[in-house]
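Note sheet for the following structure.
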Amino acid sequence: MEVAHVVRKRSTCLRRKVGAVLVKDKRILATGYNGAPSGLAHCGEGGCLREELNIPSGERHEICRGAHAEQNAIAQAALLGVSTRDSEIYVTAHPCSVCVKILINAGVRRIVYKGLYPDKLAVDLLAQSAIRVERFGQSSNNKNEEER
């Protein structure tokens with residue numbers, strides 16, 4: 001999780017900085033942080049429509065110019081030809097529902113997160129999946145112990 005916190009420092013998001021580290025067999029596969037796609041203007045330069053419209057956290061992901069940390073970690077692995085099957089991801093905030101769907105399809109088997117994120121659909125999807133979910137610093141037998 002310490003590496004995820006270091007990676008999040010690269011985030012260009014104006015609202016929330018998130019870092020993610022994909023790991024398999026105790027080896028780092030890829031990292032990601034939230035921000036604009038490669039080669040495009042950062043949020044500070046291009047603006048934040050969600051901020052301008054005062055959209056609450058966890059809503060209207062589709063109008064954000066940035067990609068989430070988990071999405072960028074999966075994309076980095078794909079770009080480098082690294083399989084994510086049976087990997088684990090350490091992320092500084094609970095994944096949103098869009099990221100959860102990507103993590104399920106990428107074959108991630110365990111999510112360790114630190115902070116909360118207000119997305120009930122993400123919690124529901126994870127409860128239906130085979131992914132183990134743990135809040136960093138807490139142990140639980142539940143697949144996802146957070147209730148929102």
Whether the side chain of Thr92 engages the backbone of Gly19 through a donor-acceptor N/O pair (distance < 3.5 Å, no angle test) should be reported. yes
Mutual orientation of the aromatic rings belonging to His61 and His68 [parallel < 30°, tilted 30-60°, perpendicular > 60°]: perpendicular
Output the distance between atom CD1 (Ile131) and atom CG (Leu126), rounded to the nearest 0.5 Å. 5.5 Å
Between Glu62 and Arg60 (salt bridge meaning N to carboxylate O under 4.0 Å), is one present in this structure? yes
Smallest heavy-atom separation, Pro56 atom then Arg50 atom, equals O-NH2, 3.3 Å
Nearest 0.5 angstrom please: Phe136 CZ to Lys114 NZ, how far? 6.0 Å
Would you indicate whether the side-chain heavy atoms of Ile111 and Arg132 approach each other to under 4.5 Å? no
Minimum heavy-atom distance Arg8-Tyr33, with the two atoms named: CA-CB, 4.4 Å
Rounded at 0.5 Å granularity, tell me how far NE2 in His94 sits from CZ in Arg135. 9.5 Å
To the nearest 0.5 Å, atom CD of Glu70 lies from atom SG of Cys99 at 4.0 Å
Expected output: side-chain Glu45 to main-chain His42 donor-acceptor under 3.5 Å: yes
Quick one: are Leu49 and Cys64 in side-chain contact, heavy atoms under 4.5 Å? no
Determine whether Val91 and Val100 fall in the same hydrophobic cluster, where Ile, Leu, Val, Met, Phe, Trp and Tyr are linked whenever their side-chain heavy atoms lie under 4.5 Å apart. yes
Can a donor-acceptor pair be found, under 3.5 Å and without considering hydrogens, that links the side chain of Tyr113 to the backbone of Glu134? no
Drop me the distance from Gln128's CD to Ile104's CD1, to the nearest 0.5 angstrom. 8.0 Å
Which heavy atom of Cys96 sits nearest to which heavy atom of Ala122, and what is that distance? C-CB, 3.6 Å
Is there a chain of hydrophobic side chains (I, L, V, M, F, W, Y, each step under 4.5 Å between heavy atoms) that links Leu14 to Ile63? no
Interatomic spacing from CD in Glu51 to SG in Cys43 - rounded to 0.5 Å: 11.0 Å
What's the shortest heavy-atom distance between Leu22 and Thr84, and which atoms? CD1-CG2, 3.8 Å
Cluster link Leu121 to Val18, ILVMFWY, side chain under 4.5 Å: yes
Side-chain donor or acceptor of Arg65 paired with backbone N/O of Ala41 under 3.5 Å: yes
Could you tell me if Arg16 and Ser57 have a donor-acceptor pair between their side chains, going purely by distance under 3.5 Å? yes
His5 atom NE2, neighbour heavy-atom count above 12 within 6.0 Å: yes
If you group Ile, Leu, Val, Met, Phe, Trp and Tyr by side-chain heavy-atom gaps below 4.5 Å, do Met1 and Ile89 land in one group? no
Spell out, yes or no, whether Val7 and Leu79 are grouped together once hydrophobic residues are joined by side-chain heavy atoms under 4.5 Å, including indirect joins. no
Taking every heavy atom of Leu29 against every heavy atom of Ser83, the minimum-distance pair comes out as CD1-O, 3.6 Å
Is it the case that atom CZ in Arg10 sees more than 12 heavy atoms from other parts of the structure closer than 6.0 Å? no
Using atom types as modelled and distance alone, determine if a side-chain donor or acceptor of Glu88 lies under 3.5 Å from a backbone N or O of Val23. no
Between Asn34 and Ser11, the two heavy atoms sitting closest are OD1-OG, 2.7 Å
